[in-house]
Amino acid sequence: MPSRRTALHRRHAELGAKLADLDGWILPRFYRGAEDEFKNVLRSVGICDISHYGKVDVKGTEVDKFMEKNLSSVVIPRKAGEVKLSSQVSERDVRSKRFSLIYACRLTKEHALLLTQPFKSTSALDVEGMLKLEDGANLTNVSSILAGFTVGGPSSEAVLRKLVQVDLSGRETGGPFCLEAGLAKVHSTIVRFDGKSSGGTTAFDVYCGRDYAEYVWDAIIEAGHEYGIAPFGLDSPDRLGGSRSSG
Amino acid sequence: MLNFEFNGRRMSAFEGDTIASALYASGVRIFSRSFKYHRPRGLLCVSGRCPNCLMSVDGVPNVKACTERVRAGMKVKSQNCWPSLEHDIFSVIDKIGRFLPVGFYYKTFINPPIEWSRVEWIIRRLTGLGDIEEEIASATGKGPKDGRSIHSSSFEHLNLQADVAVIGGGPSGIFAALEAGNAGARVVLVDDQPALGGHLRYSGETLSIDVATGEGAYSGLKSSAVASTLEKAVRDRPNMTVLDNSTAFGIYESNLIGIVRGNSVIRLRAEQLVFATGAHEFPSVFQNNDLPEVFLGRGIQRLVNLYGVIPGKRAVVVSNNDSGLGVARTLMDAGVKLEAYIDSRKAVGAPETLAEIEDAKVQTFLGWAVKEARGSKHVSSVVICEVDNEGELVHGTERVVSCDLVSLSTGFETEAWLLNQTGSRTIYDELLREFIPRELKPTVYVCGDLTGIHDLNIAIMQGKVAGLSAAVNLPAMERSSELKVEYQRKSLETYSRLVSQYEGKYREGMKRTRGPDVLVVEYPGSDKMRKRFVCVCEDVVAKDISLATFEGFDDIETLKRYSTVTMGPCQGKMCSMPSLHLCSRVTGRSIAQTGRTVSRPPYVPVAMGALAGAELHPVKLTGIHYKHIELGARIMDMGEWKRPHVYTSVEEEYKAVRESVGVIDVSTLGRLDVKGRDAGKLLDFVYTHIFSTLKVGKSRYGVICDDAGIVLDDGTVTRLSETHYFITTTTGNVEFVEEWLVWWATALRLDAYITNVTAGLGAVNVAGPKARDLLQKLTTVDLSSGAFPYMSSAEGEVAGVPCILLRIGFVGETGWEIHFPAEFGEYFWDTLLEAGKEFGVKPFGVETQRVLRLEKKHVIVGQDTDALSNPFEADMAWTVKFEKEDFVGKAALVAAEKKEPERMLVGFVMKDSMVAHDGDQVFSQDGSRHVGFVTSSKFSPKVGRCVGMALVTPEHYKEGSLIRVKSDDALNGAEVTLAPFYDPEGKRLRA
Ligand code: FES
């Protein structure tokens with residue numbers, strides 16, 4: 001199968017990224033130097049393209065029941081806004097050996113978004129038999145639909161605050177949390193990670209429609225200008241989102 | 001030292017100086033010319049609350065010189081004067097002022113002989129404040145970049161959230177913030193000054209604080225030192241955000257606070273709001289009260305104590321409250337000779353300070369007031385008079401005191417405008433002579449000078465009460481431990497008790513010293529009191545207010561609109577109280593009955609650019625976008641999408657499609673994935689056609705109507721499996737269709753899941769007689785007509801990419817619309833073009849596509865239909881299936897079918913070489929009747945003439961009917977055709 005390009009492919013090339021093939025995706029390993037880039041993240045703020053993640057929507061009135069039955073080893077976030085990490089996902093659940101980690105984000109009562117390693121899809125709308133449908137809930141592969149970025153570093157919240165109206169501080173939940181919000185006027189799903197789950201700093205995963213990806217990336221870069229935002233690649237140590245990448 | 005330019009002259013300033021303090025120190029006394037009479041005006045409030053120091057700074061007009069810090073190299077210019085501030089030609093207007101009574105424009109320009117339109121340009125030139133200069137870009141130091149406007153690079157919006165927002169960083173605000181912070185709340189403190197502390201920063205007094213407040217340690221210290229200590233305490237708190245130099249300009253629904261900070265607008269949302277907005281001084285109204293060097297008392301204190309500027313040599317202090325005594329002290333400490341202390345009260349609240357003043361051999365006049373100020377461009381003396389018990393000046397008691405500086409401590413007005421915007425009310429307190437807060441809305445708290453009480457001990461305790469109350473009432477705080485709750489409750493009780501004790505004492509004192517009301521001085525028996533300015537912004541004098549009231553504009557709201565008082569740049573801060581007093585005196589109503597005008601945001605002027613914020617216009621790009629750019633396509637906007645308009649020429653692209661093969665990026669088409677047991681049922685209900693009977697692997701055209709039978713959208717519906725459909729919608733309409741389907745699925749309780757997959761799928765239409773040959777090179781899917789007929793579909797790999805192939809033909813040729821994961825976009829496109837080389841494949845743009853589809857008479861919803869079109873009028877009756885039990889719009893369509901339509905969509909061919917344009921009007925053959933309009937029109941290479949579609953009256957819905965199209969003022973002939981212009985039998989489509 002030919003290799004896959006994220007919506008930001010051109011931006012990476014313009015920025016002189018060193019590209020590499022990762023699970024069939026062409027992605028930046030680094031731009032100028034992984035070490036400097038990661039230091040910049042820890043000091044201030046950085047942005048990284050994570051559009052290659054596998055993304056799966058579970059929607060319906062029976063999201064809990066559906067997940068209990070079909071994804072029995074996934075820790076289910078029950079409350080809207082909750083994010084749960086499952087590190088021991090059984091093969092049966094996902095019918096793919098490479099599928100060992102899932103961040104499950106509960107966006108609303110009737111909607112959960114699962115983030116995982118990249119899929120190898122064999123059909124335009126389906127992925128390896130994941131197109132499941134049962135009474136009360138439905139599972140859809142949205143990997144191609146959503147582009148994703150990690151915006152990480154101590155200034156990441158200040159940067160996003162310029163573009164998002166809702167509260168991103170999340171001090172009430174303590175752990176990671178997710179929400180849906182307009183980001184620079186584009187509907188986005190935002191997941192906040194702190195501490196251990198993001199390499200010791202604050203990081204936000206931002207998911208928006210692939211068609212808007214370049215615009216949103218540019219808006220974040222512009223908003224982050226005053227904080228010295230710089231892109232970082234997949235070679236940066238420990239990836240901000242913990243070990244969600246298999247790279 | 002910093003250097004800057006003022007009206008072309010080089011000036012110097014100290015670090016921390018404002019433009020005004022630097023200019024004043026260099027001897028500048030006239031800072032502006034007034035709006036109407038062009039009278040010279042000097043500094044008045046020195047706090048950004050009056051209109052007197054507006055200047056143009058680096059091309060940005062109306063900057064307040066008294067709050068704008070000097071930056072090296074900045075260019076400052078005076079406004080509203082010519083040729084200079086000192087000598088302004090337009091000041092002659094001041095001499096003819098008596099011919100310009102209140103309501104001058106209304107009275108003079110209501111009828112000919114002088115029409116408004118004739119004089120408007122002159123008046124507009126003479127009036128208005130400031131000009132927007134070309135070099136405004138330089139103000140930001142950035143200017144346009146990357147071809148984007150200045151705007152986007154200099155203005156921005158920021159969003160913040162807080163548990164408790166405290167507006168005002170004076171002592172009460174600081175204590176409110178500290179108390180709320182101590183209780184665990186996330187606090188944002190907003191203050192319009194560069195540093196916190198409010199009047200403690202500049203009053204210069206030595207504080208005396210009661211130990212019972214818990215802050216007795218500050219007693220005996222200089223106020224400015226305490227301000228710094230408190231500021232540090234606030235800034236050091238981890239859960240505290242301080243927004244200095246930030247002005248809250250509006251309170252909106254759900255406690256949203258609009259804040260302007262330089263070029264940024266901050267949207268702060270808070271659970272609880274503490275208002276510590278304080279009070280400001282305003283000038284009393286006497287003759288020539290607007291002369292330069294007549295200051296408000298706190299303005300003088302700011303100049304002296306914040307900027308080290310000595311404002312004059314011989315001063316007169318005019319007062320009616322104890323703050324005047326403080327100003328007298330400040331002046332004496334600064335070495336200014338005090339010529340007289342004048343107080344309209346017979347007794348003062350701080351007799352020891354008065355004694356000090358008297359000891360310094362200063363003449364004191366208790367029970368006296370100012371009648372007029374004298375001087376031409378500078379004050380040179382004041383005339384003072386004794387005041388009787390009614391507050392009127394006593395005849396024959398005049399005395400002249402010469403001076404070069406006048407300080408007015410003639411009244412405070414509570415800054416309640418923002419508070420009022422929460423819906424909380426204020427009432428007039430006769431004793432305090434101020435509007436004080438009453439009937440606060442839930443989540444709203446007040447403290448400090450805003451309560452009409454000017455006492456530090458009270459301010460501290462009120463602040464504590466407000467801050468703690470706000471914190472304990474937070475919903476999130478309810479969970480805290482019982483012990484803590486009890487402790488907080490007790491603290492609140494103690495604080496509140498202290499506040500009422502102190503307040504009782506304060507009011508007693510006020511009663512003892514209360515004098516007559518001499519806010520607007522009247523000199524009985526004389527109407528010659530000229531030029532007593534009530535409103536310095538709009539040059540409204542006392543006589544104007546009296547006259548307007550006399551003319552019937554005696555309601556404060558109509559008075560405002562008629563006289564323009566309170567409508568200028570200060571938004572009533574200087575003139576609201578004096579105009580109210582005057583109005584109440586003329587009408588005989590009390591101040592409380594007269595009331596205040598309604599406060600609306602913005603509270604201070606906010607630049608339009610700041611309100612608009614950075615330019616954020618979302619843009620959508622297809623996965624193939626950059627390939628189009630590489631091919632040299634001209635890109636057009638289509639909603640948020642960017643699409644290739646044309647690559648080479650329409651002729652060339654057209655030829656490729658009709659004779660060989662063309663490819664077009666159609667990734668902008670809306671795509672929806674509909675799954676579920678009831679998916680077919682849902683589509684049957686939402687579309688006019690039937691889809692539950694559609695065979696798997698087949699596609700069908702569908703139209704969506706609303707309840708009134710109006711066409712909303714169209715597209716194809718393909719059945720991928722028993723429970724799975726794939727829908728296309730028009731570009732730009734997919735979000736609507738998605739919502740519409742979700743809404744109906746929910747309303748009808750159907751088991752159907754709708755996912756918008758547009759962004760995830762690229763799509764290319766490969767069309768033309770050689771389309772099959774091209775595609776067959778890349779796929780094993782059998783594309784022969786037998787295996788893959790028109791209006792059918794398949795899933796399979798093309799060039800190794802998983803695809804959905806639909807055999808449909810918008811452009812009227814054999815063709816496939818191929819949908820594939822968007823991440824393969826560029827690869828897929830390149831592969832198609834490479835494989836098509838041998839057939840002469842060409843990419844084609846939207847313009848060519850429009851010609852091709854028009855030749856086939858394929859309708860574009862929204863272009864060939866409008867907000868009134870039903871499927872019958874759009875000549876699509878065949879898409880409506882009345883045999884279905886029910887569907888959206890059925891009732892309306894049943895009725896519409898029985899009626900003769902008002903309009904019909906027809907095709908037409910222009911005669912000879914005439915052209916028609918979209919939107920041209922259509923007339924009957926003899927040109928006498930208007931019969932419709934052109935919806936689409938293009939030159940058709942096939943027909944060799946201009947063809948199009950038009951919505952016309954039904955009598956023209958017949959082959960060969962003659963009509964006329966009005967184009968460029970000519971009525972050009974055209975003939976109606978009902979069949980498509982190209983391949984009417986659709987043979988090529990099916991080939
Ligand atoms: S003196 Fe500057 S605004 Fe009043």
Side-chain angles (χ1 to χ4, degrees), chain A residues 1-7 9-10 24-26 51-52 57 59-60 121-126 131 133-147 158 160-169 171-172 184-187 208-216 218-219 222-223 226, chain B residues 152-153 156-161 186 239 264 267 269 476 613-614 616-623 625-626 640-641 667-668 673 675-677 720 723-724 726 735 751-762 795 797 799-804 819-828 831:
Chain A
M1 194 178 290
S3 51
R4 300 158 186 262
R5 291 181 172 191
T6 76
H9 188 76
R10 295 291 170 140
W25 286 86
I26 307 293
S51 302
H52 61 299
D57 252 351
K59 273 187 186 169
S121 70
T122 49
S123 124
L125 288 173
D126 188 12
L131 187 92
L133 174 67
E134 291 186 15
D135 282 0
N138 164 53
L139 188 144
T140 312
N141 176 16
V142 293
S143 305
S144 298
I145 299 172
L146 296 180
L160 293 182
R161 226 186 255 148
K162 290 192 190 179
L163 304 170
V164 180
Q165 288 206 32
V166 300
D167 194 351
L168 297 172
S169 68
R171 76 218 152 86
E172 263 152 52
K185 298 189 182 165
V186 170
H187 177 264
C208 67
R210 182 192 159 103
D211 40 6
Y212 284 120
E214 212 178 88
Y215 160 79
V216 172
D218 289 349
E222 173 132 0
E226 64 172 294
Chain B
S152 62
S153 54
E156 63 176 13
H157 281 181
L158 218 74
N159 305 292
L160 279 181
Q161 293 81 21
R186 239 182 346 162
N239 54 349
S264 309
R267 291 179 287 222
R269 227 174 253 287
L616 288 173
H617 300 306
V619 172
K620 290 185 186 180
L621 300 180
T622 78
H625 179 75
Y626 287 100
E640 294 179 336
W641 288 104
S667 310
T668 59
D673 177 269
K675 273 182 285 189
R677 226 179 339 108
L720 298 176
T723 54
H724 190 185
F726 179 67
E735 282 87 4
D751 183 58
Y753 303 93
I754 296 102
T755 309
N756 183 349
V757 294
T758 307
L761 294 180
E795 289 185 75
E797 279 191 5
V801 172
C803 295
I804 299 170
H819 303 263
F820 51 86
E823 60 263 28
F824 296 113
E826 294 197 357
Y827 161 80
F828 195 76
T831 311

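Just so it is clear, the model here is predicted, and its values are computed rather than measured. A, B, ... follow the sequence lines: proteins, then strands. Residue 1 opens every chain.
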Over all atoms of both residues, closest heavy-atom pair of B:Val619 and A:Tyr212: O-CD2, 3.6 Å
Between B:Pro618 and A:Val186, the two heavy atoms sitting closest are CB-CG2, 3.9 Å
For chain B, find which of A:Ser51, A:Pro2, A:Ala219 contributes the most heavy-atom pairs closer than 4.5 angstrom. A:Pro2
Kindly indicate whether the side chain of B:Leu621, heavy atoms from C-beta on, has any atom under 4.5 Å from the side chain of A:Tyr215. no
When the 4.5 angstrom heavy-atom criterion is applied to A:Arg5 and chain B, the contacting part is both
Please state whether the side chain, the backbone, both or neither of A:Glu214 comes within less than 4.5 Å of a heavy atom of chain B. side chain
Using non-hydrogen atoms and a 4.5 Å limit, figure out which bit of A:Ala7 sits close to chain B: side chain, backbone, both or neither. neither
Using atom types as modelled and distance alone, determine if a side-chain donor or acceptor of A:Lys162 lies under 3.5 Å from a backbone N or O of B:Glu156. no
Any donor-acceptor pair under 3.5 Å linking the side chain of B:Gln161 with the backbone of A:Val166? yes
Find the distance between CD1 (A:Ile145) and CG (B:Leu761) and round it off to the nearest 0.5 Å. 7.0 Å
Answer with side chain, backbone, both or neither: which region of B:Thr755 has an atom nearer than 4.5 Å to a non-hydrogen atom of chain A? side chain
Side chain / backbone / both / neither for A:Ser3 at chain B, heavy atoms under 4.5 Å: backbone
Is there side-chain contact between B:Lys675 and A:Thr140, with heavy atoms separated by less than 4.5 Å? yes
dist A:Arg161:CZ -> B:Leu158:CG (nearest 0.5 Å) comes out at 7.0 Å
Mind checking the CG-CG spacing from B:Asp673 to A:Asn138? Nearest 0.5 Å is all I need. 7.5 Å
Look at A:Arg10, A:His9, A:Lys59 and state which one has the largest set of heavy-atom pairs under 4.5 Å with chain B. A:Arg10
Heavy-atom pairs under 4.5 Å with chain A, option from B:His625, B:Arg269, B:Glu826 with the top count: B:Glu826
Part of A:Leu168 within contact of chain B (heavy atom distance under 4.5 Å): backbone
Is there a side-chain contact between B:Arg186 and A:Asp167, using heavy atoms and a 4.5 Å cut-off? yes
Quick check: do A:Arg210 and B:Glu823 have side-chain heavy atoms less than 4.5 Å from each other? yes
Relative to chain A, which segment of B:His617 carries a heavy atom at a distance below 4.5 Å: side chain, backbone, both, or neither? backbone
